[in-house]
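Naming convention: chains lettered A, B, ... in sequence-line order (proteins, then strands); numbering from 1 in each chain.
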There are 2 protein chains.
Amino acid sequence: MIPPTEIRRGGAAATVTDVARAAGVSRATAARVLGDYGYVNVETRERVLAAARSLAYQANQLAKSVATGRSKTIGVVVADIDSPYFARAIRAITGTASAHGFVVILATTDEDIEVERDAVRVLLTKRVDGLIISPTSSSEVAHLARLSEIDCPIVLLDRRVPQLRADTFAVDNFRAAYEAVTMLIGRGHTDIALASNALAHPGQHLISSVRERIDGYRAALDDAEIPVDPQLVVMGGAEPQNLAHELRVLCSSPARPTAFLATESSVALVILNVLRELHFSIPDDVSLICFNNPDWTSITTPPLTVISQPIKELATAATEKLIARLTGAASNVRKETLLAATLIRRGSVSDVCHVQRSAVLTSPQPLKPPGKSMS
Amino acid sequence: MIPPTEIRRGGAAATVTDVARAAGVSRATAARVLGDYGYVNVETRERVLAAARSLAYQANQLAKSVATGRSKTIGVVVADIDSPYFARAIRAITGTASAHGFVVILATTDEDIEVERDAVRVLLTKRVDGLIISPTSSSEVAHLARLSEIDCPIVLLDRRVPQLRADTFAVDNFRAAYEAVTMLIGRGHTDIALASNALAHPGQHLISSVRERIDGYRAALDDAEIPVDPQLVVMGGAEPQNLAHELRVLCSSPARPTAFLATESSVALVILNVLRELHFSIPDDVSLICFNNPDWTSITTPPLTVISQPIKELATAATEKLIARLTGAASNVRKETLLAATLIRRGSVSDVCHVQRSAVLTSPQPLKPPGKSMS
DNA sequence: GTGAAAGCGCTAACAC
DNA sequence: GTGTTAGCGCTTTCAC
C-alpha cells in the first residue's frame, strides 16, 4: 500500500508534503493542521498529527518566514556583552522574547559605528521583525532612521536619540547624577570629580547616558553654586591604562578631589586600583559613588555606594513594547520611558569636615533605598 | 521608456526580479551577479549592480537559506549570560562568527533541561547550521544526540559529555583544582573546603566542570593522604541565601576549614560576605581561591588568588571549529580540546603555621603566572 | 553569457 | 472541510 516514495531521503527533514502523503491528504490540509489555521475535520487532523509525529516533522521556520514575511526574530545590537549591565539586559531580552515565541539574533559593536551599521545591515538581511539597539552614537543615526521607512520597528535601549522618534527605554541619568552629586555636596564635598571611560572626541557627541550624567553632575554643582572645575571631569577613554594615568595625575595634583562619581562600575574598578596604589583610603581620604550595581560592589572594603539602574525592567519593557508593535498591539505614538535609578547607600561616602560638624556615621549605612518606579 | 511597473510597491524591499527588470536582464542573470556565482559579462554585471544600487537592493537571506539549505546562522545555548564567564564566551562567539559571515541566535536555559530541550528545538526550526552549547546535564542528552543524525554539527563548550562524541572545548578542571588544592596543602592547609553553587541531586550527575573540580580536589587530598571530610564539600545550590546558610553553619562548627576552594566567582562572593559577617579575615583566618577571574577579584581586600580560565580562547576555538565543520574544512574525527587554567597568585592565601615555619609573605604576590597553552 | 523553468518548504486565495 | 493553485525570493540545471 505504501508507495516507495514513502522512504525518506537520506536524513533530510520531513516536509509538509511528506506528512500530507503519509496522512493521505493534500498539502493544503496538512499545512492547515501543522500551521494551526483554517478549518479541518478533527479526525483528519488527528491523522495528520499522527503522521507528523511518526515522521518527526519539524516546521521549517525559514520557509514559513519567506512565505509570510515575518520571521519571529528580533535583532539586538549592543556595544558589549562583557559589561554585567548589558549582560543582564540581554538576558532579560532573550527571556522575554522567547516567552513570546521570538528568537534573538545578537550583534555586538564594540562602540564602533561602522560595525554597528554593518550589524544592522546584516540583521535586515536576515529579515528580523524588529530591532532593539543601544546605539553607539547619538548623531550618526542615518542607518537607524532608514529603518522606520522600511517598516522595521526599532526600540532604543539605555541610550536616547531624540532625533529618531523611536520608542526609548532608558534611565533618568540626569536626575540620578544630580541626586548623587547633591548628596555628596550635602556631605560637605565641593571638589567632586566625574570620571568616565567615554572619550570626548572633539565635535563628536557623547552617548546620551554619559552626556546626561555629566549634565546632572554640572547642574548639581551649579545649583549649589560650586564652580565646575574642568580638570575634575576626566574622560579616560575605553583604555583602562589611560584612564588610570589621568586619575593618577589628577590625584597627585593640587586639584585633588575629595569625591568621585564614576559613570560606570568598570571606571570604579580603575579608581579603586589607583587609590590603592596611591595609598588613599575610601571613604576617609576620598569618597566614591558609581553607576551600576554589580554584585561585587557590596563586598569591597568598604562596600560601594552605587546608583543602581533598573536595567532588567528596562530591557523587559523594551522587548515587550517591540513585540507589541510587531503584533499590532501598540499605539502608534512613539514614547520615551525613563525609569528612575536608585541610590544605594553603602560605605564609600563620608563627610568632609571643613567646618566641625556633628559626628556622622561614615560606616556602611544599610538605609532602605527609595523605591523605584516607572515614570 | 520606463514601464509603470517600475514603481516600487509601498516600501517593500527590492527583489532580484525588480533589479533584473531595472537592468533589463533576466532574473537568472541578476541572481548570478547579486549572488556572485556563475559567469556573467562584465558589462552586464555593471548594469545589474547599478540597478541594485539605485533600488537599494538587499538580498533576502531567508529566501536564500530556504533555497540553499544553509542559513549562515549558528545557535548558541548557555545557562546564563549574567555570569561574566559566559558573557565573555558569547562575546567571543559573536565576534568570531560575524568575522566569518555568520550570525548568532542566542538562547539561555537557566540550567533547566526542559528549557534547553525547547531551545534546541526552536533553533532547529530556525535551521541553524550548527550549535554551540554548554549543556545543563551530562546525562540527559538525547536531544543533543539526535542532532548528529540530522546532520546539525554541534560543539560543546566548557562542559563535557563523553557519550556524545562531539567536538568539545573545555578547561582542564581536574588539573586546575588539583593544583590549587596541592598548593594549599603545600602552604600547610589540611582542612580545605570546597564550595559550589551546584546541587547534588540524588542520582543526578553534576555538570562535568563541577564534577571534575571536585575530583581534582579529592585527588589532591588523597595524594597528600589527607582524608576527605564530606562536611567540607558544600553544595549550596543556585540560591545564594542557601549557600550562605550552609557556609555559616560550617564556619561556626568545629569542622571549620582553614581554606576554601570556590568553584565559581559568584560562590567566592558569597563566601566573602559570610566571612565578613563572621568577622573572619582573609587570609589570616581563612584562605580562599576561586575559579574564574572577573575584574573585581583584583581589587578586593585582599585581592583574590584565582584560577583563570581561558574562556575567550575556548569560545573562539569552538566557533572556529564549528565553522570549519560547516564549510567542510574540518577533519571528520571529533576531538576534545582541553586548555590549561592558570593559577594567579594574589593575596587571599596564607600559610597555616601548625609547625613554626620560616616567615613567608602572605601579602599580594605578583608572581608571574605560568604560561597557558593549548593542549 | 544568458534565459526559461523548476524547485526549496511554506502560506493563502479560491474553488468545489 | 478539502484540494488546487499560485505565490514568497531566491538558487540552479539545462538548453540555446
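Distance A:L124 CG to D:dG9 P: 16 Å, rounded to the nearest Å. If you measure from atom CZ of A:R32 to atom C1' of D:dT5, you get 12 Å, rounded to the nearest angstrom. Computed from coordinates, the B:L62 CG to D:dC10 P distance equals 11 Å when rounded to whole Å. Following rounding to the nearest Å, A:K72 (NZ) and C:dT11 (P) show an atom-to-atom distance of 13 Å. The CG-P distance, from B:D18 to D:dC8, rounds to 10 Å in whole Å. The distance from atom OH of A:Y39 to atom P of C:dC16 is 22 Å, rounded to the nearest whole Å. Spacing between atom CZ of A:R47 and atom P of D:dG1 amounts to 15 Å, rounded to whole angstrom units. Rounding to whole angstrom units, CZ of residue A:R70 and P of C:dG9 are separated by 24 Å.
In this structure, the nucleotide among D:dT2, C:dT2, C:dG9 sitting nearest to the side chain of A:N60 is C:dG9. Side-chain proximity of B:A63 to the nucleotides D:dG3, C:dG9, D:dC10 is greatest for D:dC10. With distances taken from any side-chain atom of A:R27 to the nucleotides C:dC10, D:dT11, C:dT2, the minimum falls on C:dC10. The side chain of A:A67 sits closest to C:dG9 out of C:dG3, D:dT12, C:dG9. Nearest to the side-chain atoms of B:A28 among the listed nucleotides D:dG1, C:dA4, C:dC10 stands C:dA4.
Close to D:dC10, at under 4.0 Å from its OP1 or OP2, lies a side-chain N or O of B:Y57. A:T44 has a side-chain polar atom (N or O) that falls below the 4.0 Å cut-off from OP1 or OP2 of D:dT2. Of the side-chain N and O atoms in A:T15, none sit less than 4.0 angstrom from OP1 or OP2 of C:dG9. OP1 or OP2 of D:dG3 sits under 4.0 Å from a side-chain N or O of A:T29.
Of the residues listed (B:L157, B:T327, B:V155, B:I154), the one engaging B:L322 in a side chain to side chain contact (heavy atoms under 4.5 Å, CB included) is B:V155, and it is the only one.
Using a 3.5 Å distance cut-off with no hydrogens or angles, the side chains of A:T109 and A:D112 do not pair a donor with an acceptor.
Considering only residues two or more places apart in sequence or on other chains, B:D167 meets the salt bridge (Lys or Arg N to Asp or Glu O under 4.0 Å) condition with B:K321, B:R325. For A:D118, the salt bridge (Lys or Arg N to Asp or Glu O under 4.0 Å) partners are A:R121, not counting sequence neighbours.
Classification of B:E114 and B:R117 as a salt-bridged pair holds, one side-chain N sitting under 4.0 Å from a carboxylate O.
Judged by closest nucleotide on DNA chain D, A:V40 is the one of A:V40 and B:V66 placed further toward the 5' end. Map B:R45 and A:L34 each onto its nearest nucleotide of DNA chain C; the residue landing nearer the 5' end is B:R45.
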